Amino acid sequence: MHEANELKRTNRGYDRVLSSMCTYPHPVAVRAHMKYIHTNLGDPNLFPEIAAFERRAISILGGFLGAADAVGYITSGGTESNIQAVRASKIISSTRQPNIIVPESAHQSFEKAQAFTGVEVRQASLDERYAVDVTAVEELVDEDTVCVVGIAGTTALGVIDPIPALAKVALENDAFLHVDAAFGGFVIPFLEKKYPFDFDVEGVRSIAIDPHKMGLSTIPSGGLVFKRAADFDALSTNTFYSVERSMTGTRGGASVAATLAVLEHLGAEGYRNVVRECMRLTNLCVEEAAEFGVYPVIPPVMNIVAFKLPRLQLLALRLIARGWRISVMGGALRIIIMPHINETTILDFMHDLKELVRG
Ligand code: PLP
């Protein structure tokens, strides 16, 4: 008990955390989570209410993504969603030596997908804007390509790949197009500027969208959404009590209830307000940094900023020593302006960054 209390003391909140794609869940989500903490979706017949919650949550997610009649399930997060989408594309195809094409900027979950599913993962290079180079994708595609992957909000920079151009390549080659919007799925639909990235783009077959990131739900809650029921059904395994399309057997129902609760509570308007504030603070970061001669690698598309900085490793260590949690990625200092960050935190951080850059 003493040890547990000690650990609790060292367990930090998110207050100075600029490296995380997760945040404090909304209180409405926490309440629903606690209420359904005992539930298990491993056997949906035991908890039909939660199974209905899941269908409703997927329909709302589908609505945000241009297809309210979409199907899918609440996964453990973006990693499971990506692996399962790749698995579905492999099952649907008839090829014996399947490959998939992912951008060089893809999350490491696709490396895991290769290990789990046996598909070969081919990496396409990026263009000068750090989006996938569609010509490079075309050069890698062949008759054994079962899936093309586009990222809508890359982990390092928040870049949105050219999804319509990727969809064209996928359609021409009879391949699946999976969009990894694990982070961007709860940002892009609510930005002022519109980007084509979802089921409105013909050829997009599945999307990963994580409620436990910008969706303000509890961990673990990812979303895997398919436009066609047949693609989702490809994941079916018969159990003696039902048909399972998830990766795991036992699955917590609590975060499903939490996800539905926060989706219904905030609605599109609520998320638009969350994203508006995160973008205001993101732009403030860029303006403040410019005052002392520090600039981002690309103008931020979403609430992720990566700064080009001299003596990066040393600077990062000094920021960590001052209590900040930041990431060094692709030769830049990456910060994510999540809903737990407020203006005071940004100004404090910029003050420290300025001192260290000048110092
Ligand atoms: N996809 C993208 C674009 C991500 O940024 C991440 C996590 O950072 C993931 C997938 C994996 O998500 P999770 O950590 O929930 O498995």
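Throughout, residue positions are numbered sequentially from 1 according to the sequence presented. Predicted model, so just to flag it, every value in this text is computed and none were measured. Both counts, for ligands and for their atoms, begin at 1 and track the order of listing.
A donor-acceptor pair shorter than 3.5 Å can be found between the side chains of Thr95 and Asp144. Asp15 and His340 share no donor-acceptor pair across their side chains, judged by distance under 3.5 Å alone.
Geometric assessment of Arg245 against the ring of Phe232 yields a positive cation-pi assignment under the 6.0 Å and 45° thresholds.
The shortest N/O to N/O separation between Ser76 and ligand 1 does not fall below 3.5 Å. Considering backbone and side-chain atoms alike, Ile151 places every N or O at 3.5 Å or more from each N or O of ligand 1. Close N/O approach between His212 and ligand 1 is found [any backbone or side-chain N/O within under 3.5 Å].
Under the 4.5 Å side-chain heavy-atom criterion for grouping Ile, Leu, Val, Met, Phe, Trp and Tyr, Leu224 is not connected to Met214 through any hydrophobic cluster.
Taken from NZ in Lys193 to CD1 in Ile188, the straight-line distance is 12.0 Å, to the nearest 0.5 Å. Rounding to the nearest 0.5 Å gives a distance of 5.0 Å between CG of Leu263 and CZ of Phe186.
By the neighbour-count criterion of 12 heavy atoms within 6.0 Å, atom CG of Asn45 is densely surrounded, having more than that number from other residues, nucleotides or ligands.
Note: Tyr295 and Phe307 fail the aromatic proximity criterion, with ring centroids not under 6.0 Å apart. Proximity of the aromatic rings of Tyr36 and Phe47 is defined here by a centroid distance below 6.0 angstrom, and this criterion is not met.
Residue Thr155 holds the heavy atom nearest to atom 4 (C) of ligand 1 of all those in Thr155, Ile219, Ile209. Between atom 15 (O) of ligand 1 and the options Met21, Lys112, Lys213, the minimum heavy-atom separation is to Lys213.
Those atoms of ligand 1 that come under 4.0 Å of a heavy atom in Gly77, given as number and element, are 15 (O), 16 (O). In the vicinity of Ala182, heavy-atom distances shorter than 4.0 Å reach the ligand 1 atoms 1 (N), 2 (C), 10 (C). With ligand atoms numbered from 1 in the order given, ligand 1 contributes 12 (O), 15 (O) to contacts under 4.0 Å with heavy atoms of Asp210. Listed by number with element, the atoms of ligand 1 under 4.0 Å from a non-hydrogen atom of Asn82 are 1 (N), 10 (C).
With a 4.0 Å heavy-atom cut-off, ligand 1 is reached by no atom of Glu80. The parts of Thr79 lying near ligand 1 are both backbone and side chain, judged by heavy-atom distances below 4.0 Å. Residue-level proximity to ligand 1 for Thr154 is absent, since no heavy atom of it falls below 4.0 angstrom.
The nearest heavy-atom contact from the protein to atom 1 (N) of ligand 1 is Asp180 OD2, 2.7 Å. Shortest contact from atom 11 (C) of ligand 1 to any protein heavy atom: His107 CE1, 3.2 Å.
The aromatic rings of Phe190 and Tyr271 lie parallel to each other, with less than 30° between the two planes, well short of the 60° mark.
Heavy-atom separations between Gly153 and ligand 1 include at least one value shorter than 4.0 Å.
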